[in-house]
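Beneath this line is the structure, given in structure tokens, with notes to follow.
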Amino acid sequence: MVERHIRLNATEDVKEFVNEATKCDFDIDLKYKRILIDAKSLLGVIGIGMNNDFKVCYAGNNTTFEKVVKKFASA
């Protein structure tokens, strides 16, 4: 299981992240505090808000998705 921290600051960031997540054939979850949502759900990601640090959890391999995760990586 891979866990990374990201920050999505704008609606366009959310769209890009969710778009790449939906192309993956494995499950991807976003964790924020005690909330767990499907990262492939645009409404779910927007619903928990932007400008927050999220933990992305997944157990697959997709180089394009990895690039997007690195793009939005937070400290």
Side-chain angles (χ1 to χ4, degrees):
M1 179 70 67
V2 178
E3 293 186 359
R4 307 248 192 256
H5 293 274
I6 64 167
R7 177 178 282 257
L8 303 171
N9 294 313
T11 306
E12 290 303 316
D13 295 346
V14 173
K15 288 180 185 177
E16 181 180 354
F17 178 80
V18 172
N19 186 40
E20 289 304 322
T22 57
K23 295 177 184 175
C24 298
D25 61 350
F26 48 88
D27 290 334
I28 305 169
D29 295 320
L30 276 181
K31 295 180 183 179
Y32 175 67
K33 295 184 179 179
R34 293 184 176 200
I35 301 169
L36 177 69
I37 62 161
D38 182 358
K40 297 179 183 182
S41 168
L42 182 61
L43 290 177
V45 177
I46 290 173
I48 58 174
M50 292 174 276
N51 297 321
N52 295 316
D53 289 328
F54 303 103
K55 185 185 292 186
V56 181
C57 305
Y58 55 97
N61 187 16
N62 182 304
T63 55
T64 307
F65 180 69
E66 286 286 335
K67 289 178 185 176
V68 171
V69 170
K70 287 180 184 178
K71 177 180 178 180
F72 297 117
S74 64

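Each residue takes its place number in the sequence, starting with 1.
Between E20 and K67, none of the side-chain N atoms (NZ, or NE/NH1/NH2) sits under 4.0 Å from a carboxylate O, so this pair counts as no salt bridge.
Annotation: side chain of N61 is not in contact with side chain of F26 (no heavy-atom distance under 4.5 Å). At least one side-chain heavy atom of Y58 sits less than 4.5 Å from a side-chain heavy atom of E66. At least one side-chain heavy atom of I37 sits under 4.5 Å from a side-chain heavy atom of I48. Put simply, the side chain of I28 reaches to within 4.5 Å of the side chain of V56, judged on heavy atoms. Side-chain contact check for K71 versus E16: some heavy-atom pair is nearer than 4.5 Å.
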task = Test V45 against L30 for side chain to side chain contact (heavy atoms under 4.5 Å, CB included), laying out the working first.
result = CA-CA 8 Å; V45 177; L30 276 181; 3.7 Å; yes
Test log, rule side chain to side chain contact (heavy atoms under 4.5 Å, CB included), inputs M50 and T11 = CA-CA 8 Å; M50 292 174 276; T11 306; 3.7 Å; yes
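Here N19 pairs with nothing under the side chain to side chain donor-acceptor pair (under 3.5 Å) rule; sequence neighbours left out. Taking R7 as the reference, D53 meet the side chain to side chain donor-acceptor pair (under 3.5 Å) condition, with sequence neighbours excluded.
Considering every non-hydrogen atom in both C57 and K31, the closest pair reads SG-CE, 3.7 Å. Of all heavy-atom pairs between A39 and A21, the closest is O-CB, 3.9 Å.
Connection of V14 to L36 is not established within any shared hydrophobic cluster, with ILVMFWY side chains joined at heavy-atom distances below 4.5 Å, either directly or through further cluster members.
Across D13, N9, L8, a single residue satisfies side-chain contact (heavy atoms from CB on, under 4.5 Å) together with N51, and that is N9.
Judged by distance alone, with hydrogens and angles left aside, the side-chain atoms of K40 form a donor-acceptor pair with the main-chain N or O of C24 at under 3.5 Å.
More than 12 heavy-atom neighbours from other residues, nucleotides or ligands sit within 6.0 angstrom of CG on D38.
In summary, the aromatic rings of F65 and F17 are positioned with their centroids under 6.0 Å apart.
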